[in-house]
Amino acid sequence: QVQVVESGGGLVQAGGSLRLSCAASGRTFSSNAMAWFRQAPGKEREFVATISWSGIAVIYADSVKGRFTISRDNGGNTVYLQMNSLKPEDTAVYYCATKRTRWGSTDAEDYDYWGQGTQVTVSS
């Protein structure tokens, strides 16, 4: 069983930055794609970013492109989401997810394991 644990959320003013971390257990971490999704109150869960097993291939949602950066440290079984120029509309619970294939996707249904989420609140 793979465990996924997010950390790094918090309260930040608009224009500020946060870095989320996601630690995943399991010997196959380095072979699995990872992703971040988010869910704002009253809204559907939405894709944020994904990174392939090697870190070479990344995909971002249009809403975060140029502001967020996803990266991974396979030695540390950790994936990161650096969030800059934060906006109030980025306020959401952010979830980390992993799938048992090497390449990421934007569809939440493709992911096999999820964390409990970490709250990010951006004040105006």
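Position 1 is the first residue of the sequence, and the numbers go up from there. Model, not experiment: these values are computed from the prediction.
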Exercise. Do the side chain of N32 and the main chain of R100 share a donor and acceptor less than 3.5 angstrom apart?
Worked result: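 A pair under 3.5 Å: no.
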Problem set entry | Exam field: side chain S52 to backbone A33, donor-acceptor pair closer than 3.5 Å |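 Such a contact is absent between S52 side chain and A33 backbone.
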For this session: Run the salt-bridge test on D90 and K87 with the 4.0 Å N-O cut-off and return the result as yes or no.
Result: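 K87 and D90: not salt-bridged.
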Are [X] and [Y] connected in the hydrophobic side-chain network, where two residues link if heavy atoms are under 4.5 Å apart?
| X | Y | value |
| --- | --- | --- |
| Y113 | V79 | no |
| V93 | W114 | yes |
| F68 | L20 | yes |
| V12 | W36 | yes |

Which side-chain N or O atoms in residues 117-124 pair as donor and acceptor under 3.5 Å with protein atoms at least two apart or in another chain?
residue: T118; atom: OG1; partner: G9; partner atom: N; Å: 3.2
residue: Q119; atom: NE2; partner: A92; partner atom: O; Å: 3.4
residue: Q119; atom: NE2; partner: T121; partner atom: OG1; Å: 3.3

For this session: Go through the structure and list residues passing ring-ring contact (aromatic ring centres under 6.0 Å, His included) with F47, not counting sequence neighbours.
Result: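 For F47 the ring-ring contact (aromatic ring centres under 6.0 Å, His included) partners, ignoring immediate neighbours, are F37.
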Exercise. Considering only heavy atoms from C-beta outward, does the side chain of Y95 approach that of V4 to under 4.5 Å?
Worked result: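 Not in contact.
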Exercise. What pairs with S105 under side chain to side chain contact (heavy atoms under 4.5 Å, CB included), at least two apart in sequence or on another chain?
Worked result: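 Here the qualifying residues are K99, D107, D110, Y111.
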Exercise. When you measure from the centre of the six-membered ring of Y60, is the NZ or CZ of R67 under 6.0 Å away and within 45° of the axis?
Worked result: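 Cation-pi check for R67 and Y60: fails.
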Calculate, to the nearest 0.5 Å, the distance between atoms [atom1] and [atom2] belonging to [X] and [Y] respectively.
| X | Y | atom1 | atom2 | value |
| --- | --- | --- | --- | --- |
| Q39 | E46 | CD | CD | 9.5 Å |
| M34 | F29 | CE | CZ | 4.5 Å |
| S21 | L81 | OG | CG | 9.5 Å |
| S7 | Y80 | OG | OH | 9.0 Å |
| Q82 | L18 | CD | CG | 8.5 Å |
| S30 | R72 | OG | CZ | 7.5 Å |

Exercise. Nearest heavy-atom pair of S17 and S85: which atoms, and what distance?
Worked result: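 Heavy atoms only, the tightest pair is OG-N, 4.4 Å.
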Exercise. Where is the tightest heavy-atom contact between I51 and V58, given as atom of each residue plus distance?
Worked result: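 The pair with the smallest heavy-atom distance is CG1-CG1, 3.7 Å.
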